[in-house]
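One structure below.
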Number of protein chains: 2
Amino acid sequence: MSDRTRPTLATVAARAEVAPSTASLVFSGSERVAPATRDRVLAAAAELGYAGPDPVARSLRSRRSGVVGAVIGERLTYAFSDPVAVQLLDGVTEVLSPLGVGLLLLPGDADRHGPTLAQLAHVPLDAVVYATCGPEDDPALEHLRRREVPIVAVDGPGGDDVVLVGVPDRRGTAELTRHLADLGHRRVAVVALPLRLDGTRGPVTAERRARVHFRDVRERALGVEDVLGPVPLWETATNAVEEGARAGRVLLDVSAADRPTAVVAQSDILAAGVLRAAESLGLRVPEDVSVAGFDGVDLPWLPPVRLTTVVQPTTEKGRVVGRAVTELLAGRRPADAVLDVHLSVGTTTGPAPRA
Amino acid sequence: MSDRTRPTLATVAARAEVAPSTASLVFSGSERVAPATRDRVLAAAAELGYAGPDPVARSLRSRRSGVVGAVIGERLTYAFSDPVAVQLLDGVTEVLSPLGVGLLLLPGDADRHGPTLAQLAHVPLDAVVYATCGPEDDPALEHLRRREVPIVAVDGPGGDDVVLVGVPDRRGTAELTRHLADLGHRRVAVVALPLRLDGTRGPVTAERRARVHFRDVRERALGVEDVLGPVPLWETATNAVEEGARAGRVLLDVSAADRPTAVVAQSDILAAGVLRAAESLGLRVPEDVSVAGFDGVDLPWLPPVRLTTVVQPTTEKGRVVGRAVTELLAGRRPADAVLDVHLSVGTTTGPAPRA
DNA sequence: TCACTCTATCGAATCGATTCGATGATCGTT
DNA sequence: AACGATCATCGAATCGATTCGATAGAGTGA
């Protein structure tokens with residue numbers, strides 16, 4: 001084989017007897033090159049097995065690598081067991097892939113949420129997407145600012161130089177809560193997503209609540225209280241069915257008089273867990289207890305029930321993020337975007353049981 | 001602000017009154033630089049807001065970008081609704097992240113499975129992982145070969161220059177089938193993963209079977225037949241619960257005399273669908289019909305049943321892939337790896353009903 | 001035939017770092 | 001005091017392409 005050394009643009013140019021700059025023109029698809037020359041260069045490339053200009057060298061000049069980072073708060077298994085995260089990234093790639101831009105996963109691990117500087121520093125990045133709501137004091141943010149890497153954040157963290165894409169979490173949850181209130185519910189418990197990623201679960205104290213890390217978690221809690229006033233929050237350690245079930249068992253395994261008549265989970269995944277808990281405790285839904293979620297994801301294993309939830313356009317959110325990235329790559333500064341949500345009433349909420 | 005122009009190594013060196021080469025030594029953490037000089041350079045960098053050497057320029061010299069591509073056959077939403085894919089990538093990142101190497105998603109879309117050349121050609125890649133079993137005639141493969149990008153493939157596609165990581169699909173399925181045979185099952189149906197990604201579902205003809213695209217699908221079918229001889233295959237369009245349910249409804253909604261006494265699904269996800277179908281048809285598992293899967297993934301919503309399945313060490317498989325990539329990056333050529341599987345008997349298989 | 005306009009091609013600078021062989025300073029030894 | 005060894009620092013070449021201003025040659029019109 002002739003694998004002495006991989007051919008470069010210069011090799012190809014020499015073989016085609018043109019200047020490297022001309023060969024470059026050919027590969028960049030320029031019009032200003034004679035068809036005969038173009039063919040000669042292409043033929044030379046084919047003979048040498050040249051695969052096209054080296055992406056790295058190209059990036060150096062063009063200041064563009066075709067790589068956009070996706071910051072994932074946790075380990076992939078946790079993050080991607082959440083259909084919301086997956087759908088979101090799906091929307092992002094749908095927009096970016098045709099542009100030849102790829103998504104680079106930047107997951108955290110069990111301890112840290114978010115990538116280490118070692119992960120960030122060595123990798124070329126045209127932009128970064130905070131795919132799941134990130135904390136506002138992420139040290140990676142500072143590094144990215146220095147490198148002047150544009151940032152798009154879903155649901156947070158915020159910042160002057162960060163483009164935000166979100167939904168009205170508070171208003172959506174309030175609407176859902178109003179639906180419950182109209183059904184007569186007054187004793188409502190909230191099963192919350194993690195307030196911080198430190199593995200804590202259980203009832204949320206006022207002081208912990210003051211230190212909530214994630215905007216969406218805070219807003220969704222406030223939405224409930226806008227309608228009903230202060231309600232108890234039960235924090236989960238991760239967004240997982242099993243965590244929701246665990247919370248549900250604690251909240252529901254009490255005398256009927258103390259039991260909440262409705263449980264608002266901050267995600268559909270958690271709500272699914274609460275449903276399981278109710279089932280295992282022999283409680284009927286919605287006769288004994290109503291359950292609601294947030295997100296509107298498709299859980300093919302959930303039927304026959306249809307979850308009452310706040311539907312957010314997750315894939316579209318991803319597309320909007322993708323378009324925002326496109327704008328940033330073009331040097332423009334897109335405006336923040338807030339997409340709409342709507343209440344979807346299913347079969348898991350009904351009139352509050354009489355006291 | 002002093003955002004005239006982003007500082008480079010040369011700027012920093014000038015400010016610290018040293019040569020660029022010396023400044024480079026400082027950032028590469030070399031020992032051979034006087035502490036005083038180091039401090040001066042670091043101070044200059046801090047004053048200028050220099051974030052460290054540009055990854056792209058560094059890559060150009062070092063021939064290493066810190067980016068490894070992950071080829072995903074389908075859209076992310078489909079691929080990542082499969083816990084196997086997610087766990088696998090989780091294992092890969094677990095090994096690669098600490099090395100400062102990131103995973104770049106290269107998904108296909110509805111039509112094509114696998115990334116386009118446009119996606120591949122513009123992006124720097126040190127190596128590529130075929131995360132889900134890819135077809136053997138993928139045009140992207142040819143491009144990657146030309147670029148001399150090392151490839152690790154999970155379960156396929158094969159090739160001289162491709163490092164393979166897999167499990168004994170055939171033997172594992174055979175072991176499972178023997179378990180069923182020992183329980184008296186003779187009429188067994190197989191719910192197969194897609195043989196090709198063209199959306200086909202239904203009974204598999206001999207000619208279609210001859211053109212199966214994926215090694216693991218073929219092997220798992222053969223494993224059943226090693227024990228029982230020819231069995232009917234029912235193909236699904238995607239690896240999804242709903243697809244499994246659809247297949248299950250067709251296969252099981254017949255008179256008891258014609259009904260298979262056991263269904264072997266080629267994935268746990270499909271098996272979960274078959275279980276749902278059985279439930280909706282009023283069939284008891286395992287009294288009326290036994291159901292088995294493959295993978296051994298954790299489906300938190302599946303309890304109280306425990307699926308009989310062939311457990312493969314998916315996360316470990318990912319780690320092995322990660323290590324193989326590490327070897328390749330170091331210029332070595334690791335050997336192919338075959339990890340072990342084992343049968344896990346749950347509550348979904350039992351003695352065949354008497355005829 | 002001469003000046004002039006196009007247009008295809010070329011040369012050289014540039015992107016931002018790394019790397020290695022060369023250089024000069026410092027120190028110890030005899 | 002002179003010489004060699006050691007060590008920190010420097011210069012220059014290099015990685016592989018892109019880009020823009022320069023140039024030569026073909027084509028047009030008078």
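Note that the coordinates shown come from a computational prediction; the quantities given were computed from them, not determined experimentally. Throughout, protein chains are lettered first and strands after them, A, B, ... in sequence-line order, and every chain is numbered starting at 1.
Using a 4.0 Å heavy-atom cutoff across all strands shown, A/Thr8 reaches sugar-phosphate atoms only and no base atom.
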Candidate pair A/Val67 and A/Asp126, rule side chain to side chain contact (heavy atoms under 4.5 Å, CB included), full reasoning: CA-CA 6 Å; A/Val67 176; A/Asp126 291 345; 5.7 Å; no

Given the rule in the side chain to side chain contact (heavy atoms under 4.5 Å, CB included) test, do A/Val128 and A/Val71 qualify, once you have shown the distances and angles that lead to the verdict? CA-CA 7 Å; A/Val128 161; A/Val71 176; 3.6 Å; yes

Working for side chain to side chain contact (heavy atoms under 4.5 Å, CB included), residues B/Val95 and B/Thr326: CA-CA 8 Å; B/Val95 173; B/Thr326 312; 4.0 Å; yes

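A/Tyr50 has a side-chain polar atom (N or O) that falls below the 4.0 Å cut-off from OP1 or OP2 of D/dA17. A close approach under 4.0 Å does not occur between any side-chain nitrogen or oxygen of B/Ser24 and OP1 or OP2 of C/dA17.
Rounded to an integer number of Å, the gap from CG of A/Leu9 to P of D/dT18 is 6 Å. Summarising the geometry, the separation between NE2 on B/His122 and P on D/dT18 is reported as 10 Å, rounded to the nearest angstrom. As rounded to whole Å, 19 Å separates atom P of D/dC15 from atom CG of B/Asp54. Rounded to whole Å, atom P of D/dA17 lies 9 Å from atom CZ of A/Arg58. Rounded to whole Å, the distance from CZ on B/Arg64 to P on C/dG16 is 23 Å. The separation between A/Leu60 atom CG and D/dT19 atom C1' is 13 Å, rounded to whole Å.
Under the 4.5 Å side-chain criterion, counting only non-hydrogen atoms from C-beta, A/Arg147 is in contact with B/Pro55.
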When every nucleotide of nucleotides 7-13 of chain D is labelled 5' to 3' by its protein contacts under 4.0 Å (heavy atoms), B for base, S for sugar-phosphate only, - for none, what sequence of letters results? -SBBBBB

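Side-chain contact of B/Ser24 with B/Ser21: a donor-acceptor pair under 3.5 Å is absent, judged by distance alone. The closest side-chain donor-acceptor pair between A/Gln87 and A/Thr315 falls under 3.5 angstrom.
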